[in-house]
Chemist: 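Got a structure for you, written out below as structure tokens; questions coming shortly.
Within every chain, numbering begins at 1; the chains are lettered A, B, ... in the order of the sequence lines, protein sequences first and strands thereafter.
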There are 2 protein chains.
Amino acid sequence: MEIGDQIKARRSTLGITQSDLADRSGVSKAMICDVEAGKKNPTIRLLGQIAAGLDCSISALIDADETPRFVPERRDQQRVLVDPENGMERRLLSSALIRRGIEVIQYTYPPGADCGGFPPHHRGTYETAIVIKGQVRMEIGSESITLNEGDAATYAADVVHSAYNLGDSEAVVVYVVDSTRASHPARPAQRDPQAE
Amino acid sequence: MEIGDQIKARRSTLGITQSDLADRSGVSKAMICDVEAGKKNPTIRLLGQIAAGLDCSISALIDADETPRFVPERRDQQRVLVDPENGMERRLLSSALIRRGIEVIQYTYPPGADCGGFPPHHRGTYETAIVIKGQVRMEIGSESITLNEGDAATYAADVVHSAYNLGDSEAVVVYVVDSTRASHPARPAQRDPQAE
DNA sequence: GCATGTTGTTCGCTATAGTATATGTATCCA
DNA sequence: TGGATACATATACTATAGCGAACAACATGC
């Protein structure tokens, strides 16, 4: 979906005309028309004005994607990975949001398992870890913290980070990985400079 | 943080010079210099070239924010809301990501409680619901689905949506709300058109 | 019919984005 | 003292972003 189409789509859902948008954004009517038609290559400043007029972010206009509106993810249909070494289980809970740069993953750590560490993600990646069950020790770069059931933590994941099950029963942790602003974005984020 | 500073910061973390970036992006050296210094108002196309040269998305350059690198969120320190009417509990698990447009919230539904519905979020908002415990019936717009423990679902949350605890014990659901591309973005997303 | 809007498009014109090239200025190394 | 490298700045030029205003297409009305 092209950026002009995105503007046009948002404008029509708001039920406003090009003239209205011109007034609200302070951008000339002619410019609105040309940008929607893909005839002009707007500056970032102008795009910011248009986005403001549309009550949305510039990113929303740039990163247009067609995420399906409803995606059930039954437990028995989830993508599961089990480490044969230590029995650690990894479940992907949100495949639909991956293209938007967000992952939701559930880890189940067997009791006493040494689950190794994760290599650093790209710069700008953040994670939220939520301990659903058990007690885990997390090492994030130089930080180190013990989380009990119900605890959570959010951290920059661009360093080596790891979790260890401290308890004598299995531990369950849900991770929300936000790479929406990371280097080497997961999703195809660049729009091609259209030829003139 | 200004967009030029963001480019400069990412460039230096990559350890490349302005000339290198000019080569990698196909943008003139002089332009790189001026954009970094905030003296030019780049077009979206040029910004795309620069972003490609920096291996990141345009959004990453625009939505610069300083999210703290480590935020523990102990259960007894979490922001909690309890509905006196039906005993429903709401816990905010990730306050640090809110400014990035992502919320992680845990709901605890008492058995048999009618927990009402949620009004539609803004267009472009998506949610992932993960049933940690119990059995809930979810109504999302015209869709309707029963989720058991371990099930998850991702859906566009720009329609009325609600969850009902079907079981005879409490149900726990974790919601990941992604409004990174929504209208009326939660975070201050527009950059001010800087005066020339 | 022909006024009167309303929405979208095209037409000049001016300001400026963007280029290549040259110059200045540090710093570091020989 | 010279010569590399990395960054900043200045100049002259071309392409085009962005504007106001006129224009077309399609409705409505009387």
Side-chain angles (χ1 to χ4, degrees), chain A residues 1-62 64 190-196, chain B residues 1-62 64 190-196:
Chain A
M1 197 162 185
E2 211 52 61
I3 197 168
D5 304 319
Q6 188 62 213
I7 293 173
K8 187 183 288 189
R10 291 200 170 250
R11 178 171 63 79
S12 50
T13 64
L14 287 179
I16 61 175
T17 71
Q18 287 183 338
S19 298
D20 294 336
L21 179 54
D23 292 341
R24 294 172 52 152
S25 63
V27 172
S28 76
K29 203 162 78 123
M31 202 58 206
I32 301 281
C33 177
D34 285 350
V35 170
E36 279 191 1
K39 293 180 185 171
K40 286 279 173 73
N41 170 27
T43 61
I44 188 66
R45 180 199 297 164
L46 184 123
L47 213 54
Q49 294 176 252
I50 292 180
L54 291 171
D55 288 321
C56 69
S57 66
I58 298 178
S59 311
L61 297 179
I62 294 173
Q190 256 55 257
R191 65 186 41 260
D192 49 343
Q194 74 264 28
E196 36 89 38
Chain B
M1 198 163 186
E2 212 51 59
I3 196 167
D5 304 320
Q6 188 61 213
I7 292 174
K8 187 183 287 188
R10 291 201 169 249
R11 177 171 63 77
S12 52
T13 63
L14 286 178
I16 61 176
T17 71
Q18 287 184 336
S19 299
D20 294 337
L21 179 54
D23 292 341
R24 294 171 53 150
S25 62
V27 172
S28 75
K29 209 169 68 132
M31 202 60 205
I32 301 281
C33 178
D34 284 350
V35 171
E36 279 191 0
K39 293 181 183 170
K40 284 278 172 73
N41 170 27
T43 61
I44 189 69
R45 179 200 296 163
L46 184 123
L47 214 54
Q49 292 176 256
I50 292 180
L54 291 172
D55 288 320
C56 69
S57 65
I58 298 178
S59 311
L61 297 179
I62 294 174
Q190 257 55 254
R191 68 185 37 260
D192 49 342
Q194 75 265 28
E196 37 86 42

Chemist: Measure CG/B:L47 against C1'/C:dA17 and give the value in whole Å, please.
Modeler: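 About 13 Å, once rounded to whole Å.
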Chemist: Look up atom OG1 in A:T13 and atom CD1 in A:I16, then write down how far apart they are to the nearest 0.5 Å.
Modeler: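 Between A:T13 OG1 and A:I16 CD1, I get 8.5 Å after rounding to 0.5 Å.
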Chemist: What pairs of residues pass the side-chain hydrogen bond (donor to acceptor under 3.5 Å, both in side chains) test when at least one of them lies in residues 21-33 of chain A, not counting sequence neighbours?
Modeler: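 The answer is A:R24-A:D55.
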Chemist: Rounded to whole Å, how long is the line connecting atom NZ of A:K40 with atom P of C:dA15?
Modeler: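 Answer to the nearest Å: 16 Å.
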Chemist: Do you know the tightest heavy-atom contact between A:R11 and A:E36?
Modeler: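 So the minimum-distance heavy-atom pair works out to NE-OE2, 2.6 Å.
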Chemist: Using a heavy-atom cut-off of under 4.0 Å over every strand shown, decide if B:T43 touches base, sugar-phosphate, or nothing.
Modeler: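 Sugar-phosphate, backbone atoms only, no base.
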Chemist: In whole Å, what is the span from the CZ atom of A:R45 to the P atom of C:dA15?
Modeler: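 So the two atoms are 15 Å apart, to the nearest Å.
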Chemist: Atom CG of B:D23 and atom C1' of D:dA6: how far apart are they, to the nearest Å?
Modeler: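 Rounded to whole Å, this separation is 13 Å.
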Chemist: CD1/A:I44 to CD1/B:I58 distance, rounded to the nearest 0.5 angstrom?
Modeler: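 Separation between the atoms: 7.0 Å.
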Chemist: Quickly, which of A:V35, A:L21, A:I32, A:L47 forms a side chain to side chain contact (heavy atoms under 4.5 Å, CB included) with A:V27? Name it, please.
Modeler: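 Only one option passes, and that is A:I32.
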Chemist: Search all heavy atoms of A:A9 against all heavy atoms of A:S12 and return the closest pair with its distance.
Modeler: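 Nearest heavy atoms, A:A9 then A:S12: O-OG, 2.9 Å.
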Chemist: When you check every protein heavy atom under 4.0 Å of nucleotides 24-29 of chain C, what one-letter string (B, S, -) results, 5' to 3'?
Modeler: ------
Chemist: Calculate the interatomic distance between B:I7 atom CD1 and D:dC7 atom P; express it in whole Å.
Modeler: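 Rounding to the nearest Å, CD1 of B:I7 and P of D:dC7 are 14 Å apart.
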Chemist: Working to the nearest 0.5 angstrom, can you tell me the gap between A:Q18 CD and A:D34 CG?
Modeler: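 So the CD of A:Q18 and the CG of A:D34 are separated by 9.0 Å.
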Chemist: Tabulate atom names and distances for all N/O pairs under 3.5 angstrom spanning the protein and nucleotides 7-11 of chain C.
Modeler:
from	atom 1	to	atom 2	distance (Å)
C:dG8	OP2	A:Q18	N	3.0
C:dG8	O6	A:K29	NZ	2.9
C:dT9	OP2	A:Q18	NE2	3.4
C:dT10	OP2	A:K39	NZ	2.4

Chemist: Can you measure B:L21 atom CG to D:dA6 atom P for me and round it to whole angstrom units?
Modeler: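 It works out to 14 Å between those atoms.
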Chemist: State, to 0.1 Å, how close B:L61 and B:I3 come at their nearest heavy-atom pair, and which atoms those are.
Modeler: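 Looks like O-CG1, 3.7 Å.
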Chemist: Return the value, rounded to whole Å, for the distance between atom CD1 of A:I32 and atom P of D:dA21.
Modeler: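 Value for this atom pair: 17 Å.
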Chemist: So which nucleotide from D:dG18, C:dT19, D:dA17 ends up closest to the side chain of B:N41?
Modeler: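 Of all the options, the side chain of B:N41 is nearest to D:dG18.
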Chemist: To the nearest 0.5 Å, what is the distance between CG (A:L54) and CD (A:Q6)?
Modeler: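 The CD atom of A:Q6 is 9.5 Å from CG of A:L54, to the nearest 0.5 Å.
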